[in-house]
Amino acid sequence: MNKMNQIKKEILTSMKIMDTTIKEVKESEEYKIAQAYNQGLRDAMAIFEREMKR
């Protein structure tokens, strides 16, 4: 596995997963924080991938 794939795997495994089938999870503050955290990771990954292709 190359270094870039290793880094991508580590970032993806650090994402916060929440069971949205549980009633009221999507309205909870914890869920909103997790969503913002995950979006930050996705944004960082997009920048990383873009820069690695240069």
Side-chain angles (χ1 to χ4, degrees):
M1 182 184 309
N2 70 29
K3 191 69 170 169
M4 189 162 151
N5 285 340
Q6 177 68 30
I7 292 168
K8 287 167 74 173
K9 182 180 175 191
E10 287 181 35
I11 290 172
L12 290 173
T13 58
S14 72
M15 290 183 127
K16 300 188 183 313
I17 307 301
M18 299 183 78
D19 187 352
T20 56
T21 62
I22 299 171
K23 188 176 170 149
E24 299 175 12
V25 164
K26 286 187 175 183
E27 287 78 38
S28 73
E29 280 301 308
E30 185 180 1
Y31 177 78
K32 291 174 186 171
I33 291 167
Q35 289 300 99
Y37 174 81
N38 289 346
Q39 185 60 52
L41 288 177
R42 285 190 290 274
D43 292 345
M45 189 52 145
I47 292 166
F48 175 75
E49 287 183 325
R50 184 184 72 222
E51 293 302 313
M52 291 300 291
K53 290 178 182 173
R54 289 185 177 189

Colleague: Evaluate whether atom NZ of Lys26 has more than 12 neighbouring non-hydrogen atoms of other residues, nucleotides or ligands under 6.0 angstrom away.
Modeller: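 Not buried by this count: 12 neighbours or fewer within 6.0 Å.
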Colleague: Could you pull out all residues at least two apart from Glu49 that satisfy side-chain hydrogen bond (donor to acceptor under 3.5 Å, both in side chains)?
Modeller: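 Scan of Glu49 (side-chain hydrogen bond (donor to acceptor under 3.5 Å, both in side chains), adjacent residues dropped) gives Lys8.
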Colleague: Would you sort out whether Asn5 and Lys9 count as a side-chain contact (heavy atoms from CB on, under 4.5 Å), showing the intermediate values?
Modeller: CA-CA 6 Å; Asn5 285 340; Lys9 182 180 175 191; over 6 Å; no
Colleague: Please give the remaining members of the hydrophobic cluster of Met4, linking ILVMFWY side chains under 4.5 Å, ordered by chain and number.
Modeller: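 Result for Met4 is Ile7, Ile11, Leu12, Met15, Tyr37, Leu41, Met45, Phe48, Met52.
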Colleague: Going by the rule side-chain hydrogen bond (donor to acceptor under 3.5 Å, both in side chains), which residues pair with Thr13 if we only count those two or more places apart in sequence or in a different chain?
Modeller: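 Per chain and number, Thr13 pairs via side-chain hydrogen bond (donor to acceptor under 3.5 Å, both in side chains) with no residue.
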Colleague: If you look only at pairs with a residue in residues 13-23, which of them pass as a salt bridge (charged side-chain N to carboxylate O under 4.0 Å, His left out), with sequence neighbours excluded?
Modeller: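 Not a single pair qualifies under salt bridge (charged side-chain N to carboxylate O under 4.0 Å, His left out).
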Colleague: Once side-chain hydrogen bond (donor to acceptor under 3.5 Å, both in side chains) is applied, do any residues pair with Glu27, and if so which ones, sequence neighbours excluded?
Modeller: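 So Glu27 forms no side-chain hydrogen bond (donor to acceptor under 3.5 Å, both in side chains) with any residue.
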Colleague: Just by distance, no angles: are the side chains of Asp43 and Gln39 close enough, under 3.5 Å, to form a donor-acceptor pair?
Modeller: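 There is such a pair between these side chains.
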Colleague: Test of understanding: with side chain to side chain contact (heavy atoms under 4.5 Å, CB included), list the residues that count as partners of Glu51, not counting sequence neighbours.
Modeller: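 For Glu51 the side chain to side chain contact (heavy atoms under 4.5 Å, CB included) partners, ignoring immediate neighbours, are Ile47, Arg54.
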